[in-house]
Structure formats: structure tokens, C-alpha cells
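Hydrogens, waters and symmetry mates play no part in the numbers below; they use all other heavy atoms, side chains included. Protein chains get the first letters and strands the later ones, always in sequence-line order, with residue 1 at the start of each.
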2 protein chains.
Amino acid sequence: MTGKIRRGRPRQAEVARLAGVSQTTVSLVLGGNKQGIVIQESTRQRVLEAARTLGYVPDPAARRLAAASNNLLGVFSFTATFPTDPAHSYYPFLVGVEREAAERGFDLVLFTGSSSGGGRAAAPGALERVRLADGCLLFGRHVPTEPLRRLVDDGFPLVHVGRRDEIAELAWVGADYVAASSEVVAHLVDAGHRRVVLVREDDDAPASTDRERGFREGLATAEGTVVRVGAPARELTPEWVLRQRAAGVTAFVAEETDTGAVWRALHDAVAAAGLRAPEDLSLALLGSPPPDLPLATPVTGFDIPRAELGAAAVRALTDLLAGQRPGATLAGCAFRPGATSGPPPAKEAR
Amino acid sequence: MTGKIRRGRPRQAEVARLAGVSQTTVSLVLGGNKQGIVIQESTRQRVLEAARTLGYVPDPAARRLAAASNNLLGVFSFTATFPTDPAHSYYPFLVGVEREAAERGFDLVLFTGSSSGGGRAAAPGALERVRLADGCLLFGRHVPTEPLRRLVDDGFPLVHVGRRDEIAELAWVGADYVAASSEVVAHLVDAGHRRVVLVREDDDAPASTDRERGFREGLATAEGTVVRVGAPARELTPEWVLRQRAAGVTAFVAEETDTGAVWRALHDAVAAAGLRAPEDLSLALLGSPPPDLPLATPVTGFDIPRAELGAAAVRALTDLLAGQRPGATLAGCAFRPGATSGPPPAKEAR
DNA sequence: CCACTCAACTAATACGCATTAGCGAGCACG
DNA sequence: CGTGCTCGCTAATGCGTATTAGTTGAGTGG
């Protein structure tokens with residue numbers, strides 16, 4: 001059978017033969033030539049010409065094996081990178097990742113191991129595959145610690161997108177939720193609110209605690225309470241809202257989570273109580289509203305610069321590759337004035 | 001520079017030393033051992049034990065070098081894979097691609113060469129980079145023929161997503177636009193329309209000509225005109241719409257393109273003319289509306305099974321890799337009744 | 001004119017694993 | 001007691017590239 005023609009990829013040796021030089025010379029011309037070995041221009045040109053003619057492309061595996069690099073950056077997440085529902089995807093990050101990687105001459109390897117069968121269970125050792133690339137970007141909060149530590153200990157360049165503290169040596173880039181949350185709350189306080197409530201999930205993810213910290217910072221002299229809810233939809237009732245208002249609360253702040261459950265519940269409770277923002281009270285969201293819940297009015301809050309974070313992650317990773325220790329990047333979030341907040345209602349102010 | 005400290009990962013050789021066997025034996029025990037070489041159980045156990053003790057993990061690069069394939073499928077397009085505007089992206093295809101690739105144990109390489117700098121000009125030889133993978137998926141209508149031919153001639157496994165006829169040996173998978181377009185138009189004709197206009201871009205991509213063919217087939221006895229526009233937004237004016245109507249046209253059909261420009265322009269022109277679908281005229285789209293243009297009413301047209309096409313492309317590619325010739329796949333599109341079409345307005349019918 | 005440097009390459013080797021060929025011991029058979 | 005086999009394992013080699021250690025031929029200086 002002729003079908004299995006493995007003629008495909010030309011090797012350096014073939015380029016060498018065509019150019020009438022040694023394989024070493026080809027490697028020197030086409031590879032990095034970090035040693036600064038001098039090659040005559042005419043020879044160089046002959047080699048380049050031959051390589052172009054044959055369509056030579058270096059083998060990433062061989063390159064990697066020979067202890068160099070292969071211009072490949074990995075992208076790994078433990079959920080599918082392209083889930084059926086785009087709302088849960090890393091698409092916004094990937095926009096920045098692709099742009100920045102292209103700019104720096106890297107191609108991207110999407111490790112699909114995690115999503116095998118479209119199911120949940122990741123194959124054991126799936127993470128190990130990333131070693132094919134020069135370095136790897138990690139997405140999502142659910143990357144298990146143990147296999148990760150292995151890679152980190154071996155000095156494999158890794159950058160986690162999103163804050164990640166339990167492995168000290170693991171580089172990460174994240175958004176500055178503290179500053180952004182603080183800014184949103186300060187905006188409310190400036191508008192005249194004296195009592196503000198933060199509603200958050202009962203969960204201690206860094207993203208949540210950061211927001212709470214920012215909330216407190218932004219309060220300054222105003223008074224704030226934090227309410228932790230386990231089951232938002234059940235606990236955030238219209239009665240609860242009215243009770244808070246009776247106690248003098250004029251502004252409600254919700255944290256953003258994967259599901260947007262807290263914001264949804266708060267929003268629904270307010271509506272069910274017959275109240276409207278910003279006339280009767282002010283509402284703010286520490287993040288962006290879930291994309292599947294298109295509201296007529298834009299919500300006061302902030303936008304996470306996802307594409308920028310993706311790009312920053314690539315930069316951090318290439319820094320690592322260059323042997324530099326990148327400082328953990330904290331990207332600023334853009335304040336979104338929105339239209340769900342304003343001055344507290346007159347009758348209740350002061 | 002001392003470089004990376006190599007002490008991290010143990011090699012098969014070290015496992016072998018600890019277990020008191022040869023490296024070959026370790027490879028046999030831990031690797032596939034496709035040859036079915038017999039190893040005594042006690043030896044096997046000793047090797048496994050040693051591997052566990054040292055925390056051995058195979059080096060994918062070395063493994064792939066030795067195995068002459070790297071389990072990498074390429075994804076290439078001449079526009080950015082993740083454009084800033086998700087509407088233009090291949091996301092829906094990628095959903096299927098990722099799923100299917102994962103199922104078959106392949107990782108994906110996204111070649112960013114095409115999008116370098118976010119600009120249009122592709123670096124010369126960008127396509128050559130795909131040789132790094134075992135095979136490659138091609139997206140988009142604008143992949144230039146010449147570099148492509150090179151790869152095909154070399155026997156490099158390639159599958160184009162979307163019909164592609166000018167290179168006979170190039171495998172492709174596509175949607176059956178002819179049948180789907182025909183169905184949509186027939187739906188209009190059945191509803192009573194006697195004069196229908198198709199608006200398409202002035203471009204001869206197979207996807208466009210197929211739609212036009214389907215349009216003609218669907219007309220049957222009704223009368224149809226095809227209008228080619230170069231600059232949709234400028235040429236499709238409200239006046240143009242009114243003129244068509246005066247000439248007896250009661251239904252307008254637009255082709256779907258990457259940008260959705262034609263549909264947008266048509267839609268806007270109709271609205272600007274003060275006309276409404278389906279009361280005053282019928283509108284249909286040979287494809288899906290751009291996702292960033294959320295309309296209240298669903299549009300009459302058809303849905304391209306993008307994820308399914310992506311998956312089919314991966315299957316075709318792995319078939320090629322296995323040495324089989326895959327038949328070109330034509331996936332059927334689902335008719336979408338929508339609510340922008342109906343019977344022609346009474347006063348003008350007949 | 002000979003040791004000596006320098007430019008421009010090349011030969012040889014390492015990387016970690018898979019695979020192929022082969023080797024020694026034990027055993028059955030004639 | 002020699003031939004032939006099978007079992008269980010190992011030595012050797014190759015994959016494609018990067019790197020290190022030469023090698024050669026031309027020029028330089030004394």
C-alpha cells in the first residue's frame with residue numbers, strides 16, 4: 001500500500017545535503033546559534049534557500065529533547081477550553097493570549113487531555129503532557145495541586161491565570177479585585193451612601209476574600225456589613241432586602257462568581273420587593289453580570305480585563321522562559337459607572 | 001549560565017538501576033510494549049515499584065521523537081483564531097474539534113503565525129509551520145492556494161473545513177449549502193412568493209456559489225434575481241429595497257458571510273425603509289445571524305452544524321493519518337423556520 | 001619558512017525513549 | 001550429547017536537533 005508515505009517532513013540532514021553543507025551548519029543557520037559561530041553569508045543564504053525549497057520545519061520534540069526550546073506555549077485547563085456554552089469559556093482570555101503569543105513568535109498548544117471524552121474525569125497524568133511545550137498557561141481554579149507541584153519543583157515554566165497562592169513558587173497573573181472593589185464602593189460612598197451591604201458566597205476563594213477586602217477599604221468612614229450566603233436564591237428574599245433598608249442600608253453590593261448566583265438572587269429579590277435601582281436603592285456588582293442575563297440598564301461595577309490578563313500571562317511566561325522571575329502581575333480593572341447606582345433616596349438620607 | 005537544574009525528573013535509566021534491570025526492560029514495562037515481549041511478573045513488579053519510588057514520568061518529547069509522531073493536530077486559519085470580536089471566530093467549530101481530538105488522544109496546536117501583529121499580512125511561510133503537527137485542519141475561505149499545494153504534494157495530511165475544490169487531492173468537510181439554501185427558498189415559494197432576490201457578496205468562494213445554486217434550485221417556478229454587492233452597507237439602501245418591492249419582489253434572501261455584512265446591511269435598509277418582516281416583506285438568511293446582533297425575532301434560515309463539522313474534520317484527519325482516504329463529508333444543515341418570513345402581503349400578491 | 005592565529009566548517013556526541021536484534025540459560029527431543 | 005526451541009532479558013541503535021570539540025586551509029608575524 002502506498003498510502004503510508006512518511007516522506008513528509010524534511011530533516012536538517014536533507015537540507016544539508018541540498019545545500020552541500022553539514023547538518024551542524026544547517027542547525028547553526030536555522031537554529032539560534034547562541035554560540036555566535038561565524039558562518040559566511042553566502043553559505044547562510046544557500047542553507048536558507050535550501051530550507052525554503054524543501055519547506056523545512058524543525059521538529060518540536062527533537063528540539064525539546066536536545067534541551068532547547070520549541071516555540072510552543074501550552075494552554076491547559078481542567079475544563080474543556082471550548083465548552084459548548086461559550087459563556088463558560090476562556091475565550092476572552094484567549095484573545096489576548098493569541099495576540100501576545102503571535103507577537104512573540106510562539107504558537108499555542110491546546111492540551112485537550114483534560115477534556116477527554118467531554119466528561120469530567122481528567123486522565124491521570126494529563127498535566128504531564130504539557131512538558132512538550134516550553135512552558136504552559138494554566139486556567140481555572142480547579143487545577144489540582146499535587147501534579148502541579150511536581151512540575152513546579154522540576155522548574156517547568158508555568159503561569160497560572162488567576163490568583164494562586166498555595167504553591168509559593170508558582171507564578172500567576174490576576175486582576176486587582178481589591179482596588180477595583182474599593183473603587184466601586186467608594187463611588188457609592190461618594191454618592192452619599194452611609195450604610196452599605198456586601199453579599200458574598202460562603203466560600204474562601206482568593207477572588208472572594210480580595211473583594212471583601214476592597215469593600216472594606218472603599219467604605220472609608222461609611223458603615224458596611226458583610227453577609228455570607230450559602231444558598232443565594234433562598235436566603236436573599238424580598239423581606240431580607242426590606243429589612244436591610246429599614247435598618248438604614250441604601251446600597252447593596254454583590255460579588256461576582258462563576259455562576260453569577262449571588263447577583264441574580266439579589267437582583268431578583270430587589271425586583272420582587274417592588275424596588276428599583278437607582279431610585280429606591282443603589283446596586284453594584286463587583287465584576288461583570290452573567291452574559292446570559294442581558295439587562296436593560298448597565299450595572300455599576302467593574303470589568304475584568306480578560307484579554308489583557310491573557311496577554312499579561314503570556315508575557316510572564318516568556319519572562320520565565322528568559323530566566324527572569326516575573327513579579328506576579330495584578331491587572332487593573334476598569335470601573336464601570338453603570339446606571340444602577342446614584343444618591344440615596346432623599347427621604348431616608350441622613 | 002548553569003541552566004536548569006536537571007536533577008528534577010528521573011529517567012528510565014535511573015529506574016532501571018534501582019530495579020536492577022536494563023533501561024529496555026523499564027521501557028517495556030512502563031511503555032506500551034506493543035511487541036508483546038514477555039516479562040516475568042516479579043521483574044515487572046520490581047520495575048513498577050522503583051518507578052513509583054522515584055516518581056518517574058516519561059518525557060513526552062523523547063517519547064514522540066522515538067515514535068515518529070507527536071499526537072499533535074494543527075489548526076490553521078489566515079485570520080486570527082480568536083479575533084477580538086467573537087462573532088468572527090471559529091469558536092463553534094472548535095467546540096467539536098476539541099471534543100473529537102480529545103477523544104482520540106490528540107492535542108491541538110494553534111498556529112498563530114497568520115495573525116501576527118493582529119494585522120492582515122501573513123508572514124511568508126507561515127503555513128509551513130503546520131508541518132510541526134502530524135496533520136492540520138484549515139479554516140476559512142481565504143487560505144491561499146499555492147503554499148497549500150506544496151503541503152498536499154508532499155503528502156502532508158490536511159483537511160479543509162469548508163468546500164475546497166481547486167486542489168483535487170485536498171480533503172475537506174463542508175456543509176451542504178446547496179440543499180439547505182434550496183430548502184429555505186422553497187419555503188418562501190411555498191408561502192406564495194413569486195419574486196425573490198438573493199443578495200450576496202461579490203466574491204466567488206465556494207460557500208457563496210453553493211448558496212446561489214441552492215437558491216436557484218429552490219425557486220422552482222418562481223422568479224429569482226441575484227444581486228452582487230461589493231460594499232453592502234453602501235449599496236443596500238432603503239431606496240433600493242423600495243425599488244425592488246415596486247418591481248414585485250416580496251422576499252429577500254441574504255447569504256451569510258464571515259462578517260455578516262450583507263445581512264446587517266439588508267436588515268438595516270429594510271428597517272430604514274420603514275418596512276417590517278414578515279408583515280410587509282419576507283426576509284431569510286442563508287445561515288445564522290451574527291451573534292452580536294441579537295434580534296427579537298428569530299430569522300428564517302438554516303443552522304450550520306458547526307461543532308459537528310469540526311468533529312467530522314478531526315475524524316477525516318485522523319483517517320488520513322491512519323492511511324485511509326476519507327470521503328469528503330457533506331453535513332446537512334438544520335432548517336430554521338424563524339419568524340421573519342410568511343406569505344407575501346395581500347395587496348401585492350398576484 | 002615555521003609556528004600560530006583565525007575563519008569557517010564538520011565530526012561526534014548527548015538528549016530520553018522505543019524498538020530490533022540477539023544472547024544465554026534451560027529444556028525437550030532424537 | 002548435540003540440536004533446536006522457548007523464555008526472559010539486554011545491547012545496540014535510531015529518532016532529529018543542539019552543542020562541544022575538533023579540523024582544515026588561509027593568512028600573519030617574526
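Taking atom CD on A:E128 and atom P on C:dC17, their separation rounds to 12 Å, with Å as the unit. Atom CZ in A:R44 sits about 15 Å away from atom C1' in C:dC9, given to the nearest Å. Rounding to whole angstrom units, CG of residue B:L28 and P of C:dA18 are separated by 9 Å. If you take CG of A:L72 and C1' of D:dT17, they are 15 Å apart, rounded to a whole angstrom. Here the C1' atom of nucleotide C:dA14 and the CG atom of B:D59 are 14 Å apart, to the nearest Å. Computed from coordinates, the B:L65 CG to D:dT13 P distance equals 18 Å when rounded to whole Å. The nearest whole Å value for the distance from the CD1 atom in B:I37 to the P atom in D:dC7 is 13 Å. Following rounding to the nearest Å, A:N33 (CG) and D:dT20 (C1') show an atom-to-atom distance of 13 Å.
Remark: B:T25 is in phosphate contact with D:dT10, judged by side-chain N or O atoms under 4.0 Å from OP1 or OP2. Checking the phosphate oxygens (OP1, OP2) of D:dA18, a side-chain nitrogen or oxygen of A:S27 falls inside 4.0 Å. The phosphate of D:dT10 has neither OP1 nor OP2 within less than 4.0 Å of any side-chain N or O from B:T24. Note on B:Q12: a side-chain N or O is less than 4.0 Å away from OP1 or OP2 of C:dA18. In this structure, B:R63 reaches the C:dA18 phosphate: one of its side-chain N or O atoms is under 4.0 Å from OP1 or OP2.
Side-chain atoms of A:A66 lie closest to D:dA18 of the nucleotides C:dG16, D:dA18, C:dA11.
Residue A:Q23 places a side-chain atom within donor-acceptor reach of the base of D:dA18, judged by atom type and a 3.5 Å distance cut-off alone.
Judged by distance alone, the side chain of B:N70 and the main-chain N or O of B:A133 form no donor-acceptor pair under 3.5 Å.
The existence of a salt bridge linking A:R149 and A:E146 is confirmed by a sub-4.0 Å separation between a basic side-chain nitrogen and an acidic carboxylate oxygen. The pair A:R99-A:E103 does not count as a salt bridge, with every side-chain nitrogen at least 4.0 angstrom from each carboxylate oxygen. Between B:R164 and B:E166, at least one side-chain nitrogen of the basic residue sits less than 4.0 Å from a carboxylate oxygen of the acidic one, meeting the salt-bridge criterion.
Nearer to the 5' terminus of DNA chain D, by closest-nucleotide assignment, is the contact made by B:V38 (compared with the other of B:V38 and A:L30).
Side-chain contact check for B:E49 and B:Q45: no donor-acceptor pair (N or O, by modelled atom type) lies under 3.5 Å.
Residue contacts shown for B:V26 are absent, as no nucleic acid heavy atom lies under 4.0 Å away. Within the nucleic acid shown, A:I39 comes within 4.0 Å of sugar-phosphate atoms alone, with no base atom in reach, counting heavy atoms only.
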